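Some notes on the structure that comes next.
Every number for a ligand or one of its atoms is a count from 1 in the order of the listing. Here the structure is a predicted model, which means the values were calculated and not measured. Heavy-atom basis, side chains included; hydrogens, waters and symmetry copies ignored. Starting from 1, each residue takes its place in the sequence as its number.
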Amino acid sequence: MSLIVYGVPLSPYVRKLRLCLAEKQLDYQLVIVLPFDQPAWFKKLNPLGRIPAMKDGDLTLADSSVICQYLEDKYCELTPLLGQTAEQHAKVRWLEKYADYELAPLVTFTLFQQRIINPSMGHLCDEPSVMSALNEKLPIHFDYLEHTLGNAKFFVADTLSLADLAFASQMVNMEHAGEQLDAQRWPSLSALYTRIKAGASMADLLQGEQKILSSLKKATSKQASFEI
Ligand SMILES: N[C@@H](CCC(=O)N[C@@H](CS)C(=O)NCC(=O)O)C(=O)O
């Protein structure tokens, strides 16, 4: 097996990359590297210290989008995930970027960080910032994405692409944090997320993720009983 992915399953960027690999049916080894306290050797793979990184033989790469683009270029015959035309490529990249850079700060680095990571490390959850992300900041983005999706099954060309995988990857962290998309207000987005979650690639990953999530929650209750 020549492909090695470095990262942790609960990272939305690692999840997006693993979904891309699963859709293309490419085998890989996952080497666990946390987003903090990283071993010195990881800096050689990504001097920025962010996960995921990947190794394919002698080639090392970092950044989920760059890695997925590489896989797309290298294995173009396997399930294309960037669309077929220049226009479709551009739309997929835009929506992937939108999920990675607009949803992530609110969903992953606020909701998930505050509700799951902080308590598991003995830090308080800043619930007002969670509420502000949920009620004030995220709806504008969901409105835009709902409008962009319209009645289609997938974001671009009615075919699964990295745009859908990037969006769903963030929604998983929202669900891990105990929140759901409002299906009344954003019916198409909710249906899209449900469809991706029911697919084999995501269902497979989520099984493993639930175990990690439970141990983080156990760590949280140990912290709490220690404090009491
Ligand atoms: N644009 C990067 C973002 C990766 C990223 O921010 N990963 C987080 C974990 S979810 C991380 O490693 N954070 C550690 C840090 O920023 O020091 C990608 O798509 O791979």
Side-chain angles (χ1 to χ4, degrees), residues 3-24 26 28-56 59-74 81-82 89-90 92-121 123 125-126 129-130 133 138 141 155 161-177 179 201-202 205-206 208-210 212-213 215-216:
L3 288 176
I4 306 175
V5 172
Y6 301 86
V8 287
L10 295 185
S11 155
Y13 305 104
V14 173
R15 186 180 302 116
K16 178 180 65 171
L17 169 56
R18 295 180 79 200
L19 288 171
C20 169
L21 287 158
E23 288 299 325
K24 290 183 177 295
L26 289 167
Y28 63 95
Q29 181 195 351
L30 178 67
V31 172
I32 297 296
V33 173
L34 297 170
F36 49 86
D37 287 342
Q38 294 168 340
W41 56 260
F42 185 70
K43 285 275 150 74
K44 287 194 185 131
L45 291 179
N46 185 0
L48 303 175
R50 294 193 192 116
I51 53 169
M54 200 194 70
K55 217 164 185 263
D56 185 10
L59 177 72
T60 58
L61 286 173
D63 190 283
S64 61
S65 299
V66 171
I67 301 170
C68 290
Q69 172 79 65
Y70 162 74
L71 295 172
E72 193 72 14
D73 291 342
K74 180 142 182 189
L81 290 169
L82 265 170
H89 286 191
V92 171
R93 287 203 190 97
W94 162 245
L95 291 165
E96 181 191 3
K97 203 175 162 89
Y98 200 97
D100 286 0
Y101 289 89
E102 303 303 325
L103 296 185
L106 301 168
V107 170
T108 296
F109 302 121
T110 305
L111 269 62
F112 180 73
Q113 174 76 39
Q114 292 297 333
R115 289 249 179 101
I116 302 295
I117 302 297
N118 280 11
S120 76
M121 298 177 88
H123 303 306
C125 165
D126 177 0
S129 77
V130 168
L138 276 167
H141 297 304
F155 275 118
S161 74
L162 281 171
D164 307 299
L165 299 182
F167 163 73
S169 292
Q170 294 299 330
M171 291 305 95
V172 170
N173 280 77
M174 180 156 151
E175 210 175 335
H176 286 342
E179 299 294 339
S201 307
M202 183 69 102
L205 292 188
L206 289 182
E209 290 196 26
Q210 285 305 337
I212 304 172
L213 198 63
S215 46
L216 284 178

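Gln38 contributes a side-chain N or O that, together with a main-chain N or O of Gly49, makes up a donor-acceptor pair within less than 3.5 Å.
Partners of Arg15 according to the side chain to side chain donor-acceptor pair (under 3.5 Å) rule, which considers only residues two or more places apart in sequence or in another chain, are Asn173, Glu209.
For atom 2 (C) of ligand 1, the choice among Asp63, Asn173, Val8, Asn46 with the nearest heavy atom turns out to be Asp63. Nearest-residue assignment for atom 14 (C) of ligand 1 (options Pro35, Ala62, Ser64; heavy-atom criterion): Pro35.
Scanning the protein heavy atoms around atom 10 (S) of ligand 1, the nearest turns out to be Ser11 OG, 3.3 Å. Closest to atom 9 (C) of ligand 1, if we only count protein heavy atoms, is Ile51 CG1, 3.8 Å. Shortest contact from atom 16 (O) of ligand 1 to any protein heavy atom: Arg50 NE, 3.3 Å.
Asn46 and Tyr6 share no side-chain donor-acceptor pair at under 3.5 Å.
Shortest non-hydrogen contact noted between Leu165 and Cys20 is CD1-N, 4.1 Å.
Counting only residues at least two apart or on different chains, the salt bridge (charged side-chain N to carboxylate O under 4.0 Å, His left out) pairs with a member in residues 104-118 are Arg115-Glu127, Arg115-Glu179.
Within the model, atoms NZ of Lys16 and CD1 of Ile67 stand 9.0 Å from one another, a figure rounded to the nearest 0.5 Å.
Those atoms of ligand 1 with a heavy atom of Tyr101 less than 4.0 angstrom away are 1 (N). In summary, the atoms of ligand 1 found under 4.0 Å from a heavy atom of Pro52, numbered by their order in the structure, are 20 (O).
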